[in-house]
Amino acid sequence: QVQFVESGGGLVQPGGSLRLSCAASGFTSDRSHMGWFRQAPGKEREGIACITSRDGGTYYANSVKGRFTISSDNAKNMVHLQMNSLNPEDTAVYYCATARVRYEPPNFIIVPYSDYWGQGTQVTVSS
């Protein structure tokens with residue numbers, strides 16, 4: 001059974017940092033691209049970061065590029081998201097999931113690969 005358990009969210013002031021973690025089980029993460037997604041109130045779920053299984057290449061949505069960093073620990077089946085320079089627009093529930101990248105020039109779009117989702121972890125950026 002595929003499962004994702006996200007952790008590390010919380011309340012942070014603008015300009016602060018958080019590190020999210022995701023424990024994946026039920027499949028081999030080193031054979032799957034992994035991604036982080038987020039959903040803000042009243043908005044659609046957005047793919048924000050992806051790390052590829054083969055070479056660890058990374059992709060980011062323009063909204064987080066230069067501020068967020070995705071990494072993976074395949075031995076532990078875990079994926080992390082380091083978030084720096086947070087602003088109120090980053091407030092959302094964050095999810096990890098298997099992912100794929102679609103090229104829509106000039107951007108790469110991160111989309112989910114399956115319908116498996118965890119409960120997510122809430123990130124609130126507010127002073």
Side-chain angles (χ1 to χ4, degrees):
Q1 182 180 358
V2 176
Q3 285 190 324
F4 301 102
V5 179
E6 300 92 346
S7 62
L11 174 64
V12 63
Q13 292 187 341
S17 298
L18 281 175
R19 185 174 187 254
L20 306 184
S21 295
C22 170
S25 61
F27 69 101
T28 304
S29 65
D30 62 352
R31 297 182 182 178
S32 302
H33 299 349
M34 293 298 298
W36 282 95
F37 300 80
R38 69 184 182 185
Q39 188 166 20
K43 295 188 176 181
E44 292 188 355
R45 193 171 296 180
E46 171 191 20
I48 58 172
C50 178
I51 186 164
T52 61
S53 59
R54 183 175 301 176
D55 57 5
T58 55
Y59 298 84
Y60 298 95
N62 289 335
S63 56
V64 306
K65 196 175 296 182
R67 300 187 298 123
F68 291 10
T69 303
I70 187 172
S71 61
S72 65
D73 183 341
N74 291 332
K76 296 181 179 179
N77 252 21
M78 295 197 70
V79 183
H80 306 283
L81 186 69
Q82 177 66 43
M83 307 188 296
N84 299 327
S85 301
L86 286 161
N87 58 63
E89 289 70 38
D90 296 315
T91 295
V93 179
Y94 285 70
Y95 304 87
C96 73
T98 52
R100 59 187 178 92
V101 179
R102 195 168 64 210
Y103 184 47
E104 295 182 0
N107 300 310
F108 289 97
I109 307 300
I110 299 163
V111 298
Y113 184 73
S114 73
D115 290 332
Y116 292 104
W117 297 95
Q119 293 298 310
T121 185
Q122 175 71 48
V123 172
T124 303
V125 185
S126 175
S127 55

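As a basis for the values below, the full set of heavy atoms in this structure was taken, side chains included, without hydrogen atoms, waters or symmetry mates.
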Is a side-chain N or O of Asn77 found less than 3.5 angstrom from the main chain of Ala24, in a donor-acceptor match? yes
For Phe68, enumerate each residue passing the ring-ring contact (aromatic ring centres under 6.0 Å, His included) test, keeping only those at least two apart in sequence or located in another chain.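 Phe68 satisfies ring-ring contact (aromatic ring centres under 6.0 Å, His included) with no other residue.
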Those residues that, when tested against Tyr116, pass ring-ring contact (aromatic ring centres under 6.0 Å, His included) (two or more places apart):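 Result, ring-ring contact (aromatic ring centres under 6.0 Å, His included) vs Tyr116: none returned.
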Can you establish whether the number of heavy atoms outside [X] located under 6.0 Å from its atom [atom1] is more than 12?
X: Phe108; atom1: CZ; answer: yes
X: Asp115; atom1: CG; answer: no
X: Gln119; atom1: CD; answer: no

Partner set under side-chain hydrogen bond (donor to acceptor under 3.5 Å, both in side chains) for Ser72, not counting sequence neighbours: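 Result, side-chain hydrogen bond (donor to acceptor under 3.5 Å, both in side chains) vs Ser72: none returned.
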Would you please name every residue forming a side-chain hydrogen bond (donor to acceptor under 3.5 Å, both in side chains) with Thr121, sequence neighbours left out?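 Applying side-chain hydrogen bond (donor to acceptor under 3.5 Å, both in side chains) to Thr121 gives none.
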Distance-only donor-acceptor hits, side chain of residues 93-102, under 3.5 Å, sequence neighbours excluded:
from   : atom 1 : to     : atom 2 : distance (Å)
Tyr94  : OH     : Arg38  : NH1    : 3.0
Tyr94  : OH     : Asp90  : O      : 2.6
Thr98  : OG1    : Ser114 : OG     : 3.2
Arg102 : NE     : Glu104 : OE2    : 2.8
Arg102 : NH2    : Glu104 : OE2    : 3.1

Does some side-chain heavy atom of [Y] sit less than 4.5 Å from a side-chain heavy atom of [X]?
X: Met83; Y: Val12; result: no
X: Asn87; Y: Pro14; result: no
X: Ser32; Y: Tyr113; result: no
X: Tyr59; Y: Thr52; result: yes

Point-to-point distance, once rounded to the nearest 0.5 Å, from OG of Ser25 to CD of Gln1: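 That separation rounds to 8.0 Å.
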Measure across [X] and [Y] and return the closest heavy-atom pair with its distance rounded to 0.1 Å.
X: Pro112; Y: Trp117; answer: CB-CZ2, 3.5 Å
X: Gly47; Y: Ala61; answer: O-CB, 3.6 Å
X: Ala40; Y: Thr91; answer: CB-O, 3.6 Å

Side-chain heavy atoms under 4.5 angstrom apart, residues restricted to Ile, Leu, Val, Met, Phe, Trp, Tyr: same cluster for [X] and [Y]?
X: Ile51; Y: Ile48; result: yes
X: Leu18; Y: Val64; result: yes
X: Phe37; Y: Phe4; result: no
X: Leu81; Y: Val123; result: yes

Test side-chain contact (heavy atoms from CB on, under 4.5 Å) applied to [X] - qualifying residues, sequence neighbours left out:
X: Ser126; result: Leu11, Thr124
X: Ser7; result: Ser21
X: Thr69; result: Tyr60, Gln82
X: Asn62; result: Lys65, Asn107

Should Glu46 and Ser63 be marked as a side-chain contact (heavy atoms from CB on, under 4.5 Å) after you check the CA-CA gap, both sets of side-chain angles, and the distance that decides it? CA-CA 10 Å; Glu46 171 191 20; Ser63 56; 3.1 Å; yes
Please list all pairs passing the disulfide (SG to SG under 2.5 Å) test where one or both residues lie in residues 49-88, with sequence neighbours left out.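 Disulfide (SG to SG under 2.5 Å) check on residues 49-88 returns no pairs.
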Under the salt bridge (Lys or Arg N to Asp or Glu O under 4.0 Å) definition, can you give me all pairs with a residue in residues 118-127, not counting sequence neighbours? none
For residues 70-93, which residue pairs qualify under ring-ring contact (aromatic ring centres under 6.0 Å, His included), counting only residues two or more places apart or in two chains? none
Candidate list Ile70, Asp73, Asn74, test side chain to side chain contact (heavy atoms under 4.5 Å, CB included), partner Val79, passing option: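 Among the candidates, only Ile70 passes.
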